[in-house]
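Here the structure is laid out as structure tokens; the discussion comes afterwards.
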Amino acid sequence: MHNKVKDSVIFVTGGAGFIGSYVVEELIQLQPKKIIIIDNFIRGSKANMKNFINNPLVEFHEGDIRDTAKMDSLIAGTDYIFHMAALRINACAANPQDGFDVMLKSTFDVAQLSVKHKVKKVIYSSSASVYGLAQHFPTPETDNPYNNQTFYGAAKMWGEQLFRSFKFMYGLDYAALRYFNAYGPRMDTDGKYTEVMIKWLDCIRDGRNPLIYGDGSTTMDFVYVKDIAKANIAALQSDVTDEAFNIGNCEETSLKQLLDVLLKVNNSTLEPEFREENSINPVSRRLADISKAKKLLNFTPTVSLEQGMKELTQWYFEKTAIKTNA
Ligand SMILES: NC(=O)c1ccc[n+]([C@@H]2O[C@H](COP(=O)([O-])OP(=O)(O)OC[C@H]3O[C@@H](n4cnc5c(N)ncnc54)[C@H](O)[C@@H]3O)[C@@H](O)[C@H]2O)c1
């Protein structure tokens, strides 16, 4: 297949983030002319970029995607865009105005400026949140989004539809990737909404019993971050346009099973302690049907949950040991 990245200028919004930093690492191997990154570090970090920040191919801008003039100057001369900068689901709920400015208005700017500067294709980071509680399991892309109850999910759905309309109005090529539950090294560990697996790793390290709120039967489809990065590259390299793809691992894992895997890879005999659920989770199941991504993008997840949890554990314990010793 023709390597579209070679000698191209690629713009990555949110490239200092968890998934974005792995996308940049994949891109570097494909000999781009230049990779331009914008990130305001609301979540991402210089540490995430340590493997490439000094690479002469990379041009990093600490800045905000809400700055339309800056986005205009960065998108001028760009061939391809990975639009990954976004607020997390809880941050959108806590401040919908910020959610609007970052998720909707700035995504509109990305689309508008892509047309203005004749960008060849945009790869848009969407989310399984568009489904809310899906109608079918495994969930195909054709399930409707009417069960979504979150601002975040609404914004991602709108983003997909925005690019779709720009394809029809202006011919802007795009692909939207609906990631399921991403995990792996560099996931956020210090934020207000730290993921449960990081809290459990803290328990394992400190010898405390991990807590499960509810009965642990809620399921998710955990997909390793490097697999997501590979899906992004495949979406750019393929000629596919005007399509949304589920990106998951095709494995339904309950919270209880997730904890069991985490305990196993850490040789831990700790027992979970169950607590009453303190909030209602409207999404009790997640399981991706990824046959469309398999067929059209040649995407197959390669990292098992057990292997991924090993890598997450190793990274997290090394990171926290450095902090403790500092
Ligand atoms: N992590 C997941 O499980 C998951 C699941 C589905 C979809 N997604 C989507 O994938 C994309 C990447 O997610 P992630 O997990 O890497 O999150 P992340 O928070 O690590 O990365 C997003 C990056 O965007 C940056 N950013 C946020 N607002 C910005 C702004 N106004 N200007 C400039 N930079 C800004 C952040 O600093 C961060 O580095 C996002 O669009 C997210 O919604 C993630």
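When a ligand or atom number is given, it counts from 1 through the structure's own listing order.
The pair Lys295-Glu243 does not count as a salt bridge, with every side-chain nitrogen at least 4.0 angstrom from each carboxylate oxygen. The pair Lys256-Asp260 meets the salt-bridge criterion, with a side-chain N (NZ, NE, NH1 or NH2) lying under 4.0 Å from an Asp/Glu carboxylate O.
With a 6.0 Å cutoff to the six-membered ring centre and a 45° limit on the axis angle, Lys292 counts as a cation-pi contact of Phe245.
Ordered by chain and residue number, the residues placing a heavy atom less than 4.0 Å from ligand 1 are Gly14, Ala16, Gly17, Phe18, Ile19, Asp39, Asn40, Phe41, Ile42, Arg43, Gly44, Gly63, Asp64, Ile65, Arg66, Met84, Ala85, Ala86, Arg88, Val102, Ser125, Ser126, Ser127, Tyr152, Lys156, Tyr179, Phe180, Ala182.
Atom NZ of Lys118 has 12 or fewer neighbouring heavy atoms from other residues, nucleotides or ligands inside a 6.0 Å radius.
Side-chain polar atoms of Asp239 and Thr241 form no donor-acceptor pair below 3.5 angstrom. Using a 3.5 Å distance cut-off with no hydrogens or angles, the side chains of Gln237 and Asn3 do pair a donor with an acceptor.
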